[in-house]
Student: 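Below you'll find the structure I mean.
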Amino acid sequence: MLLALCALVCAGTATAQNGTAASGPSANAAKLQFYIRLTPPRPTFAVDMNAHEQEVMEAHAAYWADLYKTGKVLIIGPVHDPKGIFGMAIIEVASEAEAHTMAENDPSVKAGINKVEVIPMHVFLRKQ
C-alpha cells in the first residue's frame, strides 16, 4: 500500500512539475533536485566570525548570488536552528555531479571553513 501511494505521488509530481507524465526519452532530461547543507565550523560562527572568515563568507554570498541568477538555485539561506545556524539551499540541476561541483566550489568550502553535504531530494510542490 505504501509503495503504491509513493508511486502515485511520484507520478503526480512529475506531471505537476513538467506538465506531462514522466516517460520515454524526455524523462531522462528531467532536472534533479538536491538539498545542500552548509555546516559552519562552530555553532556561534554567524556571530563571531573573524575578519578572514567574514571575507570568505562575503565571497560565499556572491558565489551563490551568481548561481541564483542561472535559475539553478530554487531557494537558499541560513537556518536559525537553536543549536546553531547553518546554511541550506535547494538546487535543480542536470546531474548529481553538477550538484557536487556547485557545492564544492563554494568559496567557504574551498577555504576549509564550512563543510557541505549534497543530498538528493524530490521537490513535490513549488510556487510558479
Side-chain angles (χ1 to χ4, degrees):
M1 179 79 155
L2 184 57
L3 289 174
L5 179 59
C6 183
L8 285 173
V9 167
C10 290
T13 302
T15 301
Q17 287 185 2
N18 302 328
T20 60
S23 64
S26 64
N28 294 335
K31 299 285 183 161
L32 303 172
Q33 296 92 36
F34 295 87
Y35 169 79
I36 295 178
R37 180 182 171 119
L38 193 70
T39 305
R42 58 192 175 277
T44 57
F45 180 71
V47 296
D48 66 5
M49 284 182 248
N50 64 38
H52 170 69
E53 291 168 334
Q54 179 66 38
E55 183 179 309
V56 171
M57 291 308 291
E58 288 172 9
H60 153 83
Y63 173 79
W64 285 100
D66 285 344
L67 285 174
Y68 182 80
K69 294 173 190 173
T70 70
K72 295 178 181 183
V73 179
L74 304 181
I75 189 168
I76 190 166
V79 176
H80 295 269
D81 186 328
K83 295 177 227 140
I85 294 174
F86 64 90
M88 66 76 61
I90 305 295
I91 63 171
E92 185 171 64
V93 293
S95 69
E96 186 166 352
E98 183 179 5
H100 280 278
T101 296
M102 285 173 65
E104 292 162 8
N105 281 326
D106 179 317
S108 70
V109 174
K110 289 175 84 171
I113 293 174
N114 290 316
K115 304 287 185 228
V116 70
E117 296 174 79
V118 177
I119 304 163
M121 67 169 293
H122 184 80
V123 174
F124 174 62
L125 296 172
R126 74 170 77 195
K127 280 189 147 182
Q128 294 299 327

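Numbering starts at 1 and runs along the sequence shown. Note that these values count all heavy atoms, side chains included, but never hydrogens, waters or copies made by symmetry.
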Student: Quick one: pull up CG in Leu67 and CD1 in Ile91 and give me the separation to the nearest 0.5 Å.
Tutor: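 So the gap between those two atoms works out to 8.5 Å.
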Student: Do other residues, nucleotides or ligands put more than 12 heavy atoms under 6.0 Å from Tyr35 OH?
Tutor: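 Result for OH/Tyr35: enclosed.
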Student: Check Lys110 against Asn105 and note the closest heavy-atom contact, atom names and distance.
Tutor: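 Closest heavy-atom pair between Lys110 and Asn105: CD-O, 3.5 Å.
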Student: Met102 and side chain to side chain contact (heavy atoms under 4.5 Å, CB included): which single residue from Thr70, Val118, Val116, Val73 fits?
Tutor: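 Considering Thr70, Val118, Val116, Val73, a side chain to side chain contact (heavy atoms under 4.5 Å, CB included) with Met102 is found only for Val73.
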Student: Do you know which two heavy atoms are closest between Gln33 and Lys31, and how far apart they sit?
Tutor: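 Looking at all heavy atoms of both residues, the shortest contact is NE2-O, 3.5 Å.
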Student: Looking only at non-hydrogen atoms, find the nearest pair between Glu53 and Arg42 and report the distance.
Tutor: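 Here Glu53 and Arg42 meet closest at OE1-NH2, 2.7 Å.
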Student: Between atom CD1 of Ile113 and atom NZ of Lys115, what is the distance when rounded to the nearest 0.5 Å?
Tutor: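 With rounding to 0.5 Å, CD1 (Ile113) is 10.5 Å from NZ (Lys115).
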Student: I'd like to know if Met121 and Phe86 are part of one continuous hydrophobic network [Ile/Leu/Val/Met/Phe/Trp/Tyr, side-chain heavy atoms within less than 4.5 Å].
Tutor: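 Result: yes, single cluster for both.
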Student: Do Tyr63 and Val109 have side chains that get closer than 4.5 Å, going by heavy atoms?
Tutor: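 Result no, sub-4.5 Å side-chain heavy-atom pair not found.
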Student: Could you report the tightest heavy-atom contact between Ala111 and Val56, atom names first, then the distance?
Tutor: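 Taking Ala111 first and Val56 second, the nearest heavy atoms are CB-CG1, 4.0 Å.
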Student: Show the nearest heavy-atom pair for residues Leu32 and Ser95, with the distance to one decimal.
Tutor: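 In terms of heavy atoms, the two residues are closest at CD1-CA, 3.9 Å.
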Student: Measuring from atom CZ of Arg126 to atom CG of Leu74, what distance do you get when rounded to the nearest 0.5 angstrom?
Tutor: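 Arg126 CZ to Leu74 CG: 5.0 Å, rounded to 0.5 Å.
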Student: Let me confirm one number: the CG-CZ distance from Leu38 to Phe45, rounded to the nearest 0.5 Å.
Tutor: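 Atom-to-atom, Leu38:CG and Phe45:CZ are 8.5 Å apart.
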Student: Mark yes when over 12 heavy atoms from residues, nucleotides or ligands other than Glu55 sit less than 6.0 Å from its CD; otherwise mark no.
Tutor: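 Not more than 12 within 6.0 Å, no.
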Student: In Å and rounded to the nearest 0.5 Å, what is the CD to CE distance from Glu117 to Met88?
Tutor: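 Glu117 CD to Met88 CE: 12.5 Å, rounded to 0.5 Å.
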Student: Return the CD1 to CZ distance between Ile119 and Phe34, rounded to the nearest 0.5 Å.
Tutor: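 Here the rounded value is 11.0 Å.
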Student: Hey, does the side chain of Glu98 reach the backbone of Val93 with a donor-acceptor pair shorter than 3.5 angstrom?
Tutor: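 Checking the backbone N and O of Val93 against the side chain of Glu98, no donor-acceptor pair under 3.5 Å is found.
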Student: Applying a strict under-4.5 Å side-chain criterion to I, L, V, M, F, W and Y, I'd like to know whether Ile75 and Val79 cluster together.
Tutor: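 Same cluster.
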Student: With no hydrogens and no angle check, is any side-chain donor or acceptor of Thr44 less than 3.5 Å from a backbone partner on Val47?
Tutor: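 Flag not set: sc Thr44 to bb Val47 has no pair under 3.5 Å.
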Student: Which heavy atom of Pro43 sits nearest a heavy atom of Lys83, and at what distance?
Tutor: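 In terms of heavy atoms, the two residues are closest at CB-O, 3.5 Å.
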